[in-house]
Amino acid sequence: MNFIIDATVKAVKQLYQADITPADVSLQETRKEFEGQVTIVTFPFTKVSRKSPEQTGAEIGEYLKNQLKEVSAFNVIKGFLNISISNTYWVEQLYQVITTDDFAIFKPNGKKVMVEYSSPNTNKPLHLGHVRNNLLGYSVAKILDAAGYEVIKANLVNDRGIHICKSMLAWQKWGNGETPESTKEKGDHLVGKYYVIFDKEYKKQIEELKAIGQTEEEAKKNAPLIKEAQEMLLKWEAGDDAVIDLWQTMNGWVYEGFGETYKKLGVAFDKFYYESNTYLLGKDIVEEGLASGVFFKKDDGSVWIDLTEDGLDQKLVLRADSTSVYITQDMGTAQLKYDDFGMDESIYVVGNEQDYHFKVLFLILQKLGKTWARGLFHLSYGMVDLPSGKMKSREGTVVDADDLIVEMETTAKQVTEALGKINDFSEEEKTQLYHTIGMGALKYFLLKVDPKKRLLFDPNESVDFQGHTGPFIQYTHARIKSVLNRATITGVDTEPSELAPEERDLIVTLTQFPEIITQAAIAYNPGTIANYVYELAKAYNKFYHEHSILQAEDELVKQFRLQLSVASAKVISRGMNMLGIEVPERM
RNA sequence: GGUCCCAUAGCUCAGCUGGAUAGAGCAACUGAUUUCUAAUCAGUAGGUCUCAGGUUCGAAUCCUGAUGGGAUCACCA
């Protein structure tokens, strides 16, 4: 639509001898109730035209109609210039733009971006919060890829620390040598079970100590279990063979479990980082900062940065005993990632409870003069809440990722069976389809909302399969495929004598796809894609309902509608793919 | 208390680089299937865009303040 903008700039120049830039022309979609496809707001031009908005619109409209063959008509309502673009233009768009192989395919932009997401703890299974994180990260990676970036999907696994020692210790004490094989339990669930057991026993000990007069604080510190866990962590850091052995074994179980869940979620990674390898990093950066005066040392030997001028606090970056804190490690890991890949941008998909941490981290790196720090971005997303409140792994009040996936598949199965459209499918095909639909519903549900917003998830109210949902869009795709399977496409570009409004609207929506990808990539927001694909599916269903494809008036029209259908299916499929959602051929 | 995020229909959400009478879905009600998949389509009803100021020809959108909700301000990660 740039040609309209350019022509408008010229029109203003010709008519009113005023120079404006393309940015001054606000072009928008014409509202449904009016005639036309694009609308120019004429109010901004009245200053130079010295005429009423209506008259200004009429004059510009007249100019455009005379100058551009694509403009077939116009009308002005209350200062809004509504322009009708000729049917020929839209049909050309379909054949010369939308159906071409490189439609909405972005050329490599030469930029490299890392998307870090998932970042699980290896002491418990994944829950709904992780699911949101995983789907978001994966989708953003797909969107950036589509927008022309070279993308590295990274996962920084939190595989060490006191929380893992807790699971290990509880297993040692009460595990009786249980393994995933012996219990037939998924490895991450087995380990998570012992994490919960630890917490239960720990709480018991705290109560006992409180009963003999200790304060809550003292009891938490003095409980034998926590002391044992701390000892175990020290042994781990000292490289004690037995502890390392156990750690490797139990982490192995967890990774196998995570692998299964990731596979079901359909997410993947190009690069894994492990905190057991990175937790000592960052100390050299502390030295660097001390040398350059960005950091300062307190009397006790601890190292700090003063961010009060930036409206933040003083922040510790190294303990007095010269051991690392969280942010030390993150500084080091950021450097490591940059050294590994030299990416232009790096996106951290992490919950919004860490907003402050990342603000500080990025600021520190900038102050240290890391040029790449400007490319760091925290993609912060809201918590997933249950009606009962926050999810807490330790207390077992979580929606488990694996359970949730099974539940979605079961619901998909029930809905599908009730409709009875795929009775000829093999068992394997059915299982596959239930998975596709169930995950489509779940993924769409989680991705259509703005990442920033917190999400309320009611496990008792199942995710919908009708209306503004993943299955609605999947259904539209299957429906198109069903029609295409019954027809032969000649591949000859035919122009119908008349273009119905539903056909034109569908083409208009299709042409927007590249712009939508760009927007989604700029905002790191899969919701942009999700809502667009929904609009497209709706536009198709409306067209489908109003017009027969196979029984079209004549072969020209039929071929045109078939091409329109092929294009719609393709864009739906590509859009959904950016959300990590599969579209079935039948459902 | 400081800082950050959020607030739109009964519910879940779009719209936010300022533009027309604020849009979808769910739930409720009505209608469409001898015709390409009705997981669909068409319609009815549902709104003080939290509130109060400000900027503007024009504000759900930008600014200020308030209210409500959430997060965070650890020598935990």
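Chain naming here is simple, since letters A, B, ... match the order of the sequence lines and numbering starts at 1 in each.
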What is the separation between atom CG on A/Asp330 and atom C1' on B/A74, rounded to the nearest whole Å?
15 Å
Please determine whether a side-chain nitrogen of the Lys or Arg among A/Glu237 and A/Arg160 lies less than 4.0 Å from a carboxylate oxygen of the Asp or Glu.
yes
May I ask you to decide if A/Val350's main-chain N or O and A/His378's side chain share a donor-acceptor pair within less than 3.5 Å?
yes
A/Asn133 side chain to A/Ser118 backbone, donor-acceptor under 3.5 Å:
yes
Centroid distance below 5.5 Å plus an interplanar angle below 30 degrees: do A/Phe34 and B/A20 meet both conditions?
yes
Side-chain touch A/Arg586/A/Phe425, heavy atoms, less than 4.5 angstrom
yes
Could you work out the separation of B/C62 and B/G19 based on their P atoms and round it to a whole Å?
10 Å
Suppose you measure atom P in B/G69 against the same atom in B/A28; what distance do you get, rounded to whole Å?
32 Å
Please state the P separation for the pair B/G18 and B/G2 - nearest whole angstrom.
31 Å
Spacing of the P atoms in B/C49 and B/U8 (rounded, Å)
12 Å
Indicate whether OP1 or OP2 belonging to B/A74 is found under 4.0 Å from a side-chain N or O atom of A/Lys315.
no
How is A/Ser380 classified with respect to the nucleic acid when contacts are heavy atoms under 4.0 Å: base, sugar-phosphate, or nothing?
nothing
If you look at every strand shown and take non-hydrogen atoms under 4.0 Å, does A/Ile40 touch a base, only sugar-phosphate, or nothing?
nothing
Using only side-chain N and O atoms of A/Arg486, determine if any of them is under 4.0 Å from OP1 or OP2 of B/U37.
yes
Tell me what A/Pro44 touches on the nucleic acid: a base, only sugar-phosphate, or nothing, going by heavy atoms under 4.0 Å.
base
Spacing of A/Asn352 atom CG relative to B/U3 atom P, expressed in whole Å
18 Å
Per side-chain hydrogen bond (donor to acceptor under 3.5 Å, both in side chains), A/Thr122 is matched among A/Asn158, A/Asn251, A/Asp159 by A/Asn251
Scan A/His547 against the nucleic acid and name what it touches under 4.0 Å (heavy atoms): base, sugar-phosphate only, or nothing.
base
Work out how far the P atom of B/U55 is from that of B/A45, and round it to whole angstrom.
38 Å
Taking the C1' atom in each of B/C51 and B/C57, what is the distance between them to the nearest angstrom?
26 Å
Report yes if the distance between the aromatic ring centroids of A/Tyr381 and A/Tyr117 is under 6.0 Å, otherwise no.
no
Determine whether the aromatic ring centres of A/Phe543 and A/Tyr540 lie less than 6.0 Å apart.
yes
Touch check for A/Arg454, heavy atoms < 4.0 angstrom, all strands: base, sugar-phosphate only, or nothing?
sugar-phosphate
Do any side-chain nitrogens or oxygens of A/Lys453 fall under 4.0 Å of OP1 or OP2 in B/A14?
yes
Minimum-distance nucleotide to A/Lys542 side chain [options: B/C36, B/C41, B/A14]:
B/C41
Integer-rounded Å distance: B/C36 C1' and A/Tyr544 OH
4 Å
Searching all strands shown, indicate the nucleotide that pairs with B/G65 (Watson-Crick or G-U wobble; both distances under 3.5 Å).
B/C51
Base of B/G58 and ring of A/Phe43 stacked, centres under 5.5 Å, planes under 30°
no
Does the ring center of A/Tyr16 lie less than 6.0 Å from the ring center of A/Phe45?
no
Considering just the side-chain nitrogens and oxygens of A/Arg479, establish if one lies under 4.0 Å of OP1 or OP2 belonging to B/A38.
yes
Under 4.0 Å between any heavy atoms, over every strand shown, what does A/Asn82 touch: base, sugar-phosphate, or nothing? Just pick one.
base
Counting only side-chain heavy atoms from C-beta out, which of B/A77, B/A20, B/C13 sits nearest to A/Gln329?
B/A77
Could you give the CG-to-P distance, from A/Leu456 to B/A7, as a whole number of Å?
15 Å
Return yes if some donor-acceptor pair links the side-chain N/O of A/Thr42 with the main-chain N/O of A/Pro53 below 3.5 Å, else return no.
yes
So, A/Gln329 side chain and A/Thr278 main chain: donor-acceptor pair closer than 3.5 Å or not?
no
In terms of side-chain heavy atoms of A/Phe472, which of B/C41, B/A14, B/A20 is nearest?
B/C41
Of A/Lys47 and A/Lys452, whose nearest nucleotide on RNA chain B comes first from the 5' end?
A/Lys452
Using a heavy-atom cut-off of under 4.0 Å over every strand shown, decide if A/Ile437 touches base, sugar-phosphate, or nothing.
base
Separation of B/U3 atom P from A/Leu307 atom CG, nearest Å, is 16 Å
P gap between B/G43 and B/C4, integer Å:
45 Å
At less than 4.0 Å, is any side-chain N or O atom of A/Lys78 found next to OP1 or OP2 of B/U21? Yes or no.
yes
By the 4.0 Å heavy-atom rule, please label A/Asn485 as base, sugar-phosphate, or nothing.
nothing
C1' spacing across the pair B/A66 / B/A22, given as an integer number of angstrom
25 Å
Grab the CD1-C1' distance between A/Ile83 and B/A20 for me, whole Å please.
15 Å
With a 3.5 angstrom cut-off on both distances, give the Watson-Crick or G-U wobble partner of B/U34, or none if there isn't one.
none
Separation of A/Asn121 atom CG from B/A77 atom P, in whole Å?
12 Å
Centroid separation A/Tyr279 to A/Trp236 less than 6.0 Å
yes
Indicate, with a heavy-atom threshold strictly under 4.0 Å, whether A/Val41 touches base, sugar-phosphate, or nothing.
base
Contact class for A/Tyr356 (heavy atom, under 4.0 Å): base, sugar-phosphate, or nothing?
sugar-phosphate
A/Ile529 atom CD1 is separated from B/C13 atom P, nearest whole Å, by 20 Å
Does A/Asp313 get its side chain close enough to the base of B/A74, under 3.5 Å, for a donor-acceptor pair?
no
Identify each atom pair where a protein N or O and an N or O of nucleotides 22-25 of chain B are less than 3.5 Å apart, giving names and distance.
from	atom 1	to	atom 2	distance (Å)
B/G23	OP1	A/Arg31	NH2	2.5
B/A24	O2'	A/Tyr534	OH	2.8
B/G25	O2'	A/His468	N	3.1

Does A/Lys359 or A/Glu275 map to a spot on RNA chain B nearer the 5' end, using the closest nucleotide for each?
A/Lys359
